[in-house]
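Input: one structure, supplied below.
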Amino acid sequence: MDGQDPTYNSNLGSSLYNPMISPLTLSTTDAKYNSYDMNANENKPFNDVNGMIQQIMSIVDQSLDEAQARKHAFNQSRLKPAFFQVLCEIKEKTTINLRNFSEDEPPDSQLMRLDNMLLAEGIAGPERLGGSSSSVANANAAASINDESALEHGDYRAKLSQIRQLYHTELEKYEQACNDFTSHVINLLREQSRARPISPREIDRMVSIIRKKFSSIQLQLKQSTCEAVMILRSRFLDARRKRRNFSKTATEVLNEYFYSHLSNPYPSEEAKEELARKCGISVSQVSNWFGNKRIRYKKNIGKAQEEANLYASKLANQAAQGVCGMRRDSDSPQQGER
DNA sequence: TTTTATGATTGATC
DNA sequence: GATCAATCATAAAA
(Lines give C-alpha, C1' and ligand atoms only; values in the text may rest on other atoms or scores of the structure.)
Protein backbone atom coordinates (compact mmCIF):
# COMPACT_ATOMS: atom_id res chain seq x y z
CA MET A 1 0.00 0.00 0.00
CA ASP A 2 2.89 2.32 -0.57
CA GLY A 3 1.49 3.69 -3.78
CA GLN A 4 4.30 2.31 -5.91
CA ASP A 5 2.12 -0.08 -7.80
CA PRO A 6 0.95 1.79 -10.92
CA THR A 7 -2.21 -0.30 -11.20
CA TYR A 8 -3.03 0.42 -7.63
CA ASN A 9 -2.41 4.12 -8.08
CA SER A 10 -4.49 4.29 -11.19
CA ASN A 11 -7.31 2.68 -9.29
CA LEU A 12 -7.07 5.21 -6.57
CA GLY A 13 -6.92 8.02 -9.01
CA SER A 14 -9.84 6.88 -11.08
CA SER A 15 -12.40 6.16 -8.45
CA LEU A 16 -11.58 6.11 -4.76
CA TYR A 17 -9.70 9.33 -4.53
CA ASN A 18 -11.66 11.22 -7.07
CA PRO A 19 -13.04 14.18 -5.17
CA MET A 20 -16.21 13.98 -7.15
CA ILE A 21 -17.15 10.68 -5.53
CA SER A 22 -15.14 10.81 -2.37
CA PRO A 23 -17.41 9.95 0.52
CA LEU A 24 -15.42 12.04 2.92
CA THR A 25 -16.16 15.68 3.10
CA LEU A 26 -13.20 17.69 2.00
CA SER A 27 -11.99 20.02 4.63
CA THR A 28 -9.88 23.13 4.61
CA THR A 29 -6.78 20.94 4.81
CA ASP A 30 -7.25 20.12 1.17
CA ALA A 31 -6.71 23.72 0.32
CA LYS A 32 -3.54 23.72 2.30
CA TYR A 33 -2.22 20.65 0.49
CA ASN A 34 -3.31 22.08 -2.84
CA SER A 35 -1.56 25.31 -2.15
CA TYR A 36 1.93 23.83 -2.10
CA ASP A 37 1.28 21.53 -5.04
CA MET A 38 3.14 23.10 -7.95
CA ASN A 39 0.93 21.44 -10.50
CA ALA A 40 -2.36 20.72 -8.85
CA ASN A 41 -4.16 19.43 -11.93
CA GLU A 42 -1.46 16.99 -13.05
CA ASN A 43 -0.86 15.61 -9.54
CA LYS A 44 -4.46 15.47 -8.55
CA PRO A 45 -4.42 11.84 -7.34
CA PHE A 46 -1.44 12.40 -5.01
CA ASN A 47 -2.91 15.63 -3.92
CA ASP A 48 -6.10 13.86 -2.96
CA VAL A 49 -4.22 11.12 -1.16
CA ASN A 50 -2.48 13.70 0.96
CA GLY A 51 -5.80 15.24 1.73
CA MET A 52 -7.27 11.93 2.70
CA ILE A 53 -4.37 11.14 4.98
CA GLN A 54 -4.70 14.52 6.56
CA GLN A 55 -8.39 13.91 7.15
CA ILE A 56 -7.72 10.52 8.67
CA MET A 57 -5.08 12.02 10.93
CA SER A 58 -7.45 14.71 12.00
CA ILE A 59 -9.98 12.14 13.20
CA VAL A 60 -8.22 11.86 16.53
CA ASP A 61 -8.82 15.54 17.11
CA GLN A 62 -12.52 15.23 16.47
CA SER A 63 -15.07 15.02 19.20
CA LEU A 64 -17.07 11.83 19.50
CA ASP A 65 -20.26 13.59 18.40
CA GLU A 66 -18.52 15.02 15.40
CA ALA A 67 -17.17 11.63 14.46
CA GLN A 68 -20.57 10.01 14.91
CA ALA A 69 -22.12 12.64 12.72
CA ARG A 70 -19.56 12.04 10.03
CA LYS A 71 -20.06 8.33 10.27
CA HIS A 72 -23.78 8.79 9.94
CA ALA A 73 -23.30 11.08 6.96
CA PHE A 74 -21.04 8.51 5.39
CA ASN A 75 -23.51 5.68 5.92
CA GLN A 76 -26.29 7.75 4.39
CA SER A 77 -24.22 8.79 1.41
CA ARG A 78 -25.46 7.52 -1.92
CA LEU A 79 -21.83 7.03 -2.91
CA LYS A 80 -21.22 4.55 -0.17
CA PRO A 81 -21.98 1.44 -2.30
CA ALA A 82 -19.46 2.63 -4.86
CA PHE A 83 -16.88 3.22 -2.16
CA PHE A 84 -17.57 -0.23 -0.76
CA GLN A 85 -17.22 -1.76 -4.20
CA VAL A 86 -13.86 -0.08 -4.69
CA LEU A 87 -12.63 -1.40 -1.39
CA CYS A 88 -13.77 -4.87 -2.39
CA GLU A 89 -11.74 -4.59 -5.58
CA ILE A 90 -8.67 -3.39 -3.75
CA LYS A 91 -9.03 -6.16 -1.25
CA GLU A 92 -9.39 -8.74 -3.97
CA LYS A 93 -5.98 -7.69 -5.25
CA THR A 94 -4.18 -7.38 -1.95
CA THR A 95 -5.35 -10.32 0.19
CA ILE A 96 -4.05 -13.19 -1.88
CA ASN A 97 -1.44 -14.03 0.71
CA LEU A 98 -4.02 -13.96 3.43
CA ARG A 99 -5.96 -16.77 1.77
CA ASN A 100 -3.01 -19.06 2.02
CA PHE A 101 -2.44 -18.21 5.62
CA SER A 102 -2.05 -21.38 7.56
CA GLU A 103 -4.20 -21.47 10.64
CA ASP A 104 -3.38 -24.98 11.72
CA GLU A 105 -0.46 -24.96 14.08
CA PRO A 106 0.76 -27.94 16.07
CA PRO A 107 -0.17 -27.85 19.74
CA ASP A 108 2.47 -26.22 21.91
CA SER A 109 4.47 -28.98 23.60
CA GLN A 110 5.57 -26.67 26.41
CA LEU A 111 1.96 -25.76 27.13
CA MET A 112 1.01 -29.43 27.13
CA ARG A 113 3.78 -30.23 29.59
CA LEU A 114 2.67 -27.46 31.91
CA ASP A 115 -0.96 -28.53 31.64
CA ASN A 116 -0.06 -32.11 32.45
CA MET A 117 1.98 -31.08 35.45
CA LEU A 118 -0.75 -28.81 36.78
CA LEU A 119 -3.21 -31.64 36.36
CA ALA A 120 -0.92 -34.12 38.11
CA GLU A 121 -0.38 -31.77 41.03
CA GLY A 122 -4.10 -31.15 41.40
CA ILE A 123 -3.82 -27.47 40.52
CA ALA A 124 -5.81 -27.78 37.32
CA GLY A 125 -8.78 -30.09 36.95
CA PRO A 126 -11.25 -31.10 39.66
CA GLU A 127 -10.27 -30.39 43.24
CA ARG A 128 -9.22 -33.48 45.17
CA LEU A 129 -10.85 -33.81 48.52
CA GLY A 130 -8.13 -34.30 51.08
CA GLY A 131 -5.88 -35.14 48.20
CA SER A 132 -2.31 -34.38 47.49
CA SER A 133 0.07 -35.54 44.85
CA SER A 134 0.91 -39.19 45.06
CA SER A 135 4.62 -38.46 45.22
CA VAL A 136 4.15 -36.33 48.29
CA ALA A 137 1.94 -38.94 49.88
CA ASN A 138 4.66 -41.51 49.33
CA ALA A 139 7.27 -39.20 50.73
CA ASN A 140 5.13 -38.64 53.75
CA ALA A 141 4.67 -42.36 54.27
CA ALA A 142 8.39 -42.86 54.08
CA ALA A 143 9.06 -40.02 56.44
CA SER A 144 8.92 -40.03 60.19
CA ILE A 145 5.79 -41.53 61.66
CA ASN A 146 5.34 -38.87 64.31
CA ASP A 147 2.67 -36.19 64.46
CA GLU A 148 4.98 -33.55 63.10
CA SER A 149 4.99 -35.00 59.62
CA ALA A 150 1.20 -35.13 59.58
CA LEU A 151 1.18 -31.52 60.67
CA GLU A 152 3.58 -30.49 57.95
CA HIS A 153 1.67 -32.53 55.43
CA GLY A 154 -1.39 -30.48 56.30
CA ASP A 155 0.69 -27.37 55.89
CA TYR A 156 1.76 -28.55 52.45
CA ARG A 157 -1.84 -29.15 51.42
CA ALA A 158 -2.87 -25.74 52.69
CA LYS A 159 -0.13 -24.05 50.67
CA LEU A 160 -0.95 -26.12 47.58
CA SER A 161 -4.58 -25.14 47.88
CA GLN A 162 -3.48 -21.50 48.17
CA ILE A 163 -1.53 -21.82 44.92
CA ARG A 164 -4.50 -23.51 43.28
CA GLN A 165 -6.86 -20.76 44.34
CA LEU A 166 -4.54 -18.04 43.10
CA TYR A 167 -4.10 -19.85 39.81
CA HIS A 168 -7.82 -20.15 39.21
CA THR A 169 -8.49 -16.53 40.16
CA GLU A 170 -5.85 -15.33 37.74
CA LEU A 171 -6.99 -17.71 35.02
CA GLU A 172 -10.55 -16.49 35.37
CA LYS A 173 -9.34 -12.91 35.16
CA TYR A 174 -7.43 -13.64 31.97
CA GLU A 175 -10.35 -15.46 30.43
CA GLN A 176 -12.70 -12.64 31.31
CA ALA A 177 -10.34 -10.08 29.83
CA CYS A 178 -9.87 -12.22 26.72
CA ASN A 179 -13.62 -12.61 26.23
CA ASP A 180 -14.23 -8.91 26.79
CA PHE A 181 -11.54 -7.92 24.37
CA THR A 182 -12.64 -10.50 21.79
CA SER A 183 -16.27 -9.42 21.84
CA HIS A 184 -15.15 -5.81 21.65
CA VAL A 185 -13.05 -6.54 18.58
CA ILE A 186 -15.84 -8.58 16.99
CA ASN A 187 -18.27 -5.73 17.51
CA LEU A 188 -15.77 -3.29 16.11
CA LEU A 189 -15.13 -5.42 13.03
CA ARG A 190 -18.85 -5.95 12.49
CA GLU A 191 -19.39 -2.23 12.70
CA GLN A 192 -16.51 -1.65 10.31
CA SER A 193 -17.81 -4.31 7.96
CA ARG A 194 -20.56 -1.83 7.04
CA ALA A 195 -17.90 0.46 5.63
CA ARG A 196 -15.33 -2.01 4.34
CA PRO A 197 -15.44 -5.65 3.30
CA ILE A 198 -14.70 -7.96 6.22
CA SER A 199 -15.59 -11.61 5.88
CA PRO A 200 -16.71 -13.74 8.85
CA ARG A 201 -13.62 -15.84 8.25
CA GLU A 202 -11.45 -12.80 8.80
CA ILE A 203 -13.25 -12.06 12.03
CA ASP A 204 -12.68 -15.65 13.11
CA ARG A 205 -9.02 -15.31 12.27
CA MET A 206 -8.76 -12.14 14.29
CA VAL A 207 -10.43 -13.92 17.21
CA SER A 208 -7.94 -16.76 16.99
CA ILE A 209 -5.07 -14.28 16.91
CA ILE A 210 -6.40 -12.62 20.04
CA ARG A 211 -6.83 -15.97 21.74
CA LYS A 212 -3.26 -16.90 20.87
CA LYS A 213 -1.99 -13.66 22.39
CA PHE A 214 -3.96 -14.26 25.56
CA SER A 215 -2.89 -17.88 25.76
CA SER A 216 0.73 -16.76 25.77
CA ILE A 217 -0.12 -14.73 28.85
CA GLN A 218 -1.75 -17.82 30.32
CA LEU A 219 1.40 -19.75 29.55
CA GLN A 220 3.32 -17.39 31.79
CA LEU A 221 0.77 -17.90 34.55
CA LYS A 222 1.03 -21.66 34.19
CA GLN A 223 4.79 -21.46 34.21
CA SER A 224 4.96 -19.43 37.40
CA THR A 225 2.38 -21.70 39.05
CA CYS A 226 4.45 -24.75 38.18
CA GLU A 227 7.52 -23.06 39.62
CA ALA A 228 5.67 -22.31 42.84
CA VAL A 229 4.57 -25.94 43.13
CA MET A 230 8.10 -27.18 42.47
CA ILE A 231 9.52 -24.92 45.17
CA LEU A 232 6.84 -26.02 47.62
CA ARG A 233 7.49 -29.67 46.83
CA SER A 234 11.23 -29.38 47.12
CA ARG A 235 10.84 -27.71 50.50
CA PHE A 236 8.47 -30.38 51.67
CA LEU A 237 10.40 -33.31 50.28
CA ASP A 238 13.81 -32.12 51.42
CA ALA A 239 13.80 -33.55 54.90
CA ARG A 240 17.13 -31.93 55.69
CA ARG A 241 15.36 -28.60 55.90
CA LYS A 242 13.27 -29.73 58.81
CA ARG A 243 15.74 -31.90 60.68
CA ARG A 244 14.85 -32.41 64.30
CA ASN A 245 17.13 -33.95 66.88
CA PHE A 246 15.83 -37.16 68.34
CA SER A 247 14.54 -37.02 71.86
CA LYS A 248 17.03 -37.47 74.69
CA THR A 249 15.50 -40.83 75.56
CA ALA A 250 15.78 -42.03 71.97
CA THR A 251 19.44 -41.01 71.80
CA GLU A 252 20.09 -42.80 75.07
CA VAL A 253 18.46 -46.00 73.85
CA LEU A 254 20.49 -45.89 70.64
CA ASN A 255 23.74 -45.11 72.46
CA GLU A 256 23.15 -47.88 74.96
CA TYR A 257 22.79 -50.35 72.14
CA PHE A 258 25.78 -48.95 70.28
CA TYR A 259 28.22 -49.06 73.22
CA SER A 260 27.01 -52.42 74.41
CA HIS A 261 27.63 -53.83 70.93
CA LEU A 262 30.78 -51.88 70.20
CA SER A 263 32.67 -54.82 68.73
CA ASN A 264 29.92 -55.32 66.20
CA PRO A 265 27.66 -52.28 66.14
CA TYR A 266 25.44 -53.60 63.34
CA PRO A 267 21.94 -54.27 64.58
CA SER A 268 19.94 -56.88 62.72
CA GLU A 269 16.72 -55.95 60.95
CA GLU A 270 14.74 -57.18 63.95
CA ALA A 271 16.93 -55.22 66.36
CA LYS A 272 16.50 -52.11 64.23
CA GLU A 273 12.75 -52.54 64.29
CA GLU A 274 12.80 -52.94 68.06
CA LEU A 275 14.99 -49.84 68.47
CA ALA A 276 12.77 -47.88 66.09
CA ARG A 277 9.73 -48.85 68.13
CA LYS A 278 11.42 -47.89 71.41
CA CYS A 279 12.65 -44.56 70.04
CA GLY A 280 9.55 -43.62 68.10
CA ILE A 281 11.48 -43.24 64.87
CA SER A 282 11.58 -45.17 61.60
CA VAL A 283 13.85 -48.11 60.82
CA SER A 284 15.67 -46.07 58.18
CA GLN A 285 16.35 -43.41 60.80
CA VAL A 286 17.83 -46.08 63.02
CA SER A 287 20.02 -47.19 60.10
CA ASN A 288 21.07 -43.59 59.50
CA TRP A 289 21.86 -43.11 63.12
CA PHE A 290 24.05 -46.20 63.28
CA GLY A 291 25.75 -45.29 60.02
CA ASN A 292 26.58 -41.83 61.36
CA LYS A 293 27.53 -43.18 64.76
CA ARG A 294 29.93 -45.79 63.44
CA ILE A 295 31.75 -43.37 61.19
CA ARG A 296 31.93 -40.61 63.80
CA TYR A 297 33.05 -42.98 66.50
CA LYS A 298 35.80 -44.27 64.27
CA LYS A 299 36.91 -40.73 63.44
CA ASN A 300 37.15 -39.67 67.01
CA ILE A 301 37.69 -42.68 69.25
CA GLY A 302 39.42 -40.63 71.93
CA LYS A 303 36.50 -38.37 72.52
CA ALA A 304 33.99 -41.14 72.08
CA GLN A 305 35.78 -43.13 74.77
CA GLU A 306 34.37 -40.78 77.40
CA GLU A 307 30.90 -41.42 76.09
CA ALA A 308 31.63 -45.13 75.96
CA ASN A 309 32.71 -45.08 79.62
CA LEU A 310 29.60 -43.19 80.55
CA TYR A 311 27.34 -45.79 79.00
CA ALA A 312 29.46 -48.62 80.41
CA SER A 313 29.04 -47.35 83.96
CA LYS A 314 25.39 -46.77 83.30
CA LEU A 315 24.98 -50.39 82.23
CA ALA A 316 26.97 -51.56 85.22
CA ASN A 317 24.65 -49.67 87.53
CA GLN A 318 21.64 -51.14 85.82
CA ALA A 319 23.11 -54.62 86.16
CA ALA A 320 23.83 -54.05 89.84
CA GLN A 321 20.24 -52.99 90.40
CA GLY A 322 18.98 -56.00 88.48
CA VAL A 323 17.12 -53.94 85.96
CA CYS A 324 19.24 -54.82 83.02
CA GLY A 325 16.26 -54.93 80.66
CA MET A 326 18.08 -54.39 77.45
CA ARG A 327 20.76 -57.03 77.91
CA ARG A 328 18.06 -59.55 78.62
CA ASP A 329 16.73 -59.07 75.11
CA SER A 330 17.44 -61.43 72.27
CA ASP A 331 18.70 -58.46 70.24
CA SER A 332 22.17 -58.60 71.78
CA PRO A 333 23.88 -61.58 70.23
CA GLN A 334 27.36 -60.19 70.69
CA GLN A 335 29.20 -60.91 73.89
CA GLY A 336 32.14 -59.38 75.68
CA GLU A 337 32.56 -56.21 73.62
CA ARG A 338 34.92 -53.41 74.69
C1' DT B 1 27.30 -14.50 65.37
C1' DT B 2 30.18 -18.40 65.09
C1' DT B 3 31.06 -23.06 66.11
C1' DT B 4 29.74 -27.63 67.01
C1' DA B 5 26.53 -31.49 66.89
C1' DT B 6 23.53 -34.19 64.39
C1' DG B 7 20.11 -36.25 61.13
C1' DA B 8 19.73 -36.90 56.22
C1' DT B 9 21.44 -37.49 51.51
C1' DT B 10 24.47 -38.99 47.87
C1' DG B 11 27.70 -41.72 45.32
C1' DA B 12 30.94 -45.41 45.56
C1' DT B 13 31.98 -50.02 47.00
C1' DC B 14 31.28 -54.63 48.24
C1' DG C 1 20.69 -53.87 49.55
C1' DA C 2 23.83 -52.56 53.34
C1' DT C 3 27.50 -49.84 54.48
C1' DC C 4 31.08 -46.22 54.18
C1' DA C 5 32.68 -41.61 53.52
C1' DA C 6 31.84 -37.11 52.32
C1' DT C 7 28.76 -33.60 52.43
C1' DC C 8 24.64 -30.76 53.27
C1' DA C 9 21.44 -28.26 56.12
C1' DT C 10 19.80 -27.17 60.34
C1' DA C 11 19.50 -27.32 65.55
C1' DA C 12 21.79 -26.27 69.58
C1' DA C 13 25.56 -24.57 72.19
C1' DA C 14 29.18 -21.28 73.01
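What you see is a predicted model, and the numbers here were worked out from it, not measured in a lab. First the proteins, then the strands, lettered A, B, ... as listed; each starts at 1.
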Would you mind telling me which of dT3(C), dA5(C), dA8(B) lies closest to the side-chain atoms of Arg294(A)?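 Comparing dT3(C), dA5(C), dA8(B) against the side chain of Arg294(A), the answer is dT3(C).
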Roughly, in whole Å, what's the span from NZ in Lys272(A) to C1' in dA2(C)?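 To the nearest whole Å, that distance equals 7 Å.
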Can you tell me how far P of dT3(C) sits from CG of Asn288(A), to the nearest Å?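 Distance, rounded to whole Å: 11 Å.
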Measure from CD on Glu270(A) to P on dA2(C) and round the result to the nearest Å.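 Computing the Glu270(A):CD to dA2(C):P distance gives 12 Å.
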Given atom NZ of Lys248(A) and atom C1' of dA12(C), what is their separation to the nearest angstrom?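 Value for this atom pair: 14 Å.
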Under the rule for side chain to side chain donor-acceptor pair (under 3.5 Å), what residues qualify as partners of Gln165(A), not counting sequence neighbours?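 With neighbours one apart ignored, the set is empty.
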Residues in salt bridge (Lys or Arg N to Asp or Glu O under 4.0 Å) contact with Glu273(A), at least two apart in sequence or another chain: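 Salt bridge (Lys or Arg N to Asp or Glu O under 4.0 Å) list for Glu273(A), sorted by chain: empty.
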Residue list, salt bridge (Lys or Arg N to Asp or Glu O under 4.0 Å) with Glu66(A), at least two apart or on another chain: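 Partners of Glu66(A) by the salt bridge (Lys or Arg N to Asp or Glu O under 4.0 Å) criterion come out as none, since no residue qualifies.
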Just checking, any donor-acceptor pair under 3.5 angstrom between side chains of Gln285(A) and Ser282(A)?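 Short answer, yes.
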List, with names and distances, any nitrogen or oxygen atoms from the protein found under 3.5 Å away from nitrogen or oxygen atoms belonging to nucleotides 3-6 of chain B.
from	atom 1	to	atom 2	distance (Å)
dA5(B)	OP1	Lys303(A)	NZ	2.5
dT6(B)	O2	Arg243(A)	NE	3.2
dT6(B)	O2	Arg243(A)	NH1	3.3
dT6(B)	O2	Arg243(A)	NH2	3.3

Output the rounded distance in Å from CD (Glu273(A)) to C1' (dA2(C)).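 About 15 Å, once rounded to whole Å.
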In this structure, how many angstroms lie between the P atom of dT3(C) and the CD1 atom of Ile295(A), rounded?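 One finds 12 Å between P of dT3(C) and CD1 of Ile295(A), rounded.
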When you check the phosphate oxygens OP1 and OP2 of dC4(C), does a side-chain N or O of Tyr297(A) lie under 4.0 Å from one of them?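 For Tyr297(A), the contact criterion (side-chain N or O under 4.0 Å from OP1 or OP2 of dC4(C)) is not met.
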Check salt bridge (Lys or Arg N to Asp or Glu O under 4.0 Å) between Lys213(A) and all other residues, then give those that pass, not counting sequence neighbours.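 For Lys213(A), no residue satisfies salt bridge (Lys or Arg N to Asp or Glu O under 4.0 Å) once neighbours in sequence are set aside.
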NA contact type, Lys293(A), heavy-atom cut-off 4.0 Å: base, sugar-phosphate, or nothing?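 If one applies the 4.0 Å heavy-atom cut-off, Lys293(A) turns out to touch nothing in the nucleic acid.
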Filter on ring pair (Phe, Tyr, Trp, His ring centres under 6.0 Å), then keep only pairs touching residues 269-291 of chain A, sequence neighbours left out; what's left?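 For residues 269-291 of chain A: Tyr257(A)-Phe290(A).
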